[in-house]
Number of protein chains: 2
Amino acid sequence: MQKLTAQRQAILDMINRFDKHWDADEIAYALKEEGISIGIATVYRGLAALADQGLIESIQLADKKRYERADKSHHDHLVCTGCGSIEEFCEPQIESLQDKVAEERGFKIEGHQLLLFGLCKTCKAEES
Amino acid sequence: MQKLTAQRQAILDMINRFDKHWDADEIAYALKEEGISIGIATVYRGLAALADQGLIESIQLADKKRYERADKSHHDHLVCTGCGSIEEFCEPQIESLQDKVAEERGFKIEGHQLLLFGLCKTCKAEES
DNA sequence: ATAACGAATGATAATCACTATCGATACAAT
DNA sequence: ATTGTATCGATAGTGATTATCATTCGTTAT
């Protein structure tokens, strides 16, 4: 049984306080800035436990896992290959098409991940 | 300028011969089985070069990159969390919805990846 | 209270996929 | 033949994540 310890509470608070996509190092650094020092292994375990309990959400990028608040409706992500920023979008029609595809094949969906890669508005404008 | 060397040709042949999703180690092992021994770094570089030239395609899973034939129409993937098998599907409507979302936000799409995780037909049946 | 048990912590070693380095080699153009 | 560019292969390095393990925390049973 998973416990919501002081360390995990601190991680959760940090993620809930800012609307961004955190990796483990960023969490550890941000906590240290506030005088809360947590071992990096504990940060990894804490993030996994919190995601397990549905208190935060995760997206798996190619190089690392990032975590965000869970108190939002489901959404997918636009990842800018220029500046690394991550935007969110919600498109229920895509979800229902996914369900349709899965059903046609007898596949039981447990989860999905849709990433759109490209240039965000700002980076697109900066292109010559 | 990229060259299609003997090593890269061997990798390409192997991928074209079987309809599956290969990782670098699998390629190296399969080639060794046929008496063709290639350094693992060369396999990684070869796969990257071939994908770069559009001769093969890649999908990025959480843990590793996998490569497949490129002589098929565009498709996305169903990844079975039970047996690790990978199915493919094609849903043009999802693609056009993605384009719509991107356009609405001034985002210039360079690529995308849609993974559906869950249980394939076989693994679903095996569940009690 | 306190003993006992399960879970978490934190420092650090280990793992794993992948990339960088570098001397050697292949091949094409001069 | 010489020069140049790209590749090769062995191996060291990288970076994110996980495993190990002795210690500590919290809770429950005595």
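All values derive from a computational prediction rather than experimental measurement. A note on names: the letters A, B, ... follow the listed sequences, proteins ahead of strands, and every chain is numbered from 1.
- Summarising the geometry, atom CZ belonging to Arg17(B) is positioned 11.5 Å from atom CZ belonging to Arg69(B); distances are rounded to the nearest 0.5 Å.
- Listed by chain and residue number, nothing satisfies the side-chain contact (heavy atoms from CB on, under 4.5 Å) test with Lys121(A) (two or more places apart in sequence, or in another chain).
- Shortest non-hydrogen contact noted between Arg8(B) and Ala49(B) is NH1-CB, 3.5 Å.
- One interatomic measurement links the two molecules: CG of Leu61(B) to P of dC16(C), which rounds to 17 Å at whole-angstrom precision.
- Scanning both residues, Leu114(A) and His112(A), for their nearest heavy atoms gives N-CD2, 4.1 Å.
- Sorted by first and then second residue, the side-chain hydrogen bond (donor to acceptor under 3.5 Å, both in side chains) pairs involving residues 39-52 of chain B (not counting sequence neighbours) are Gln2(B)-Asp52(B), Thr42(B)-Arg45(B).
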Once each nucleotide of nucleotides 14-20 of chain D is scored for protein heavy atoms under 4.0 Å, what B/S/- sequence comes out, 5' to 3'? --SBBBB
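- Residues from residues 1-10 of chain B that place a heavy atom under 4.0 Å from any atom of DNA chain D, listed by number: Met1(B), Gln2(B), Lys3(B), Thr5(B), Gln7(B), Arg8(B).
- Atom OG of Ser85(A) is separated from atom CZ of Phe107(B) by 7.0 Å, given to the nearest 0.5 angstrom.
- Between the CG atom of Leu31(A) and the P atom of dG10(C) there is a distance of 11 Å, given to the nearest Å.
- Of all heavy-atom pairs spanning Ala70(B) and Gly54(B), the tightest one is CB-O, 3.5 Å.
- Other residues, nucleotides and ligands contribute over 12 non-hydrogen atoms within 6.0 Å of the NZ atom of Lys20(A).
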After noting the C-alpha distance and the side-chain angles of Glu91(B) and Gln98(A), does the key distance pass the side-chain contact (heavy atoms from CB on, under 4.5 Å) rule? CA-CA 9 Å; Glu91(B) 186 48 72; Gln98(A) 290 172 9; over 6 Å; no
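- Across the protein-nucleic acid pair, Glu26(B) atom CD and dA17(C) atom C1' stand 13 Å apart, rounded to whole Å.
- With sequence neighbours excluded, the residues that form a side-chain contact (heavy atoms from CB on, under 4.5 Å) with Glu68(A) are His21(A), Glu57(A), Ile59(A), Lys72(A), His75(A), His77(A), Glu88(A).
- Direction change of the helix axis from one end of the helix from dA1(C)-dT30(D) to dT30(C)-dA1(D) to the other is 10°, with five pairs defining each end axis (rounded to 10°).
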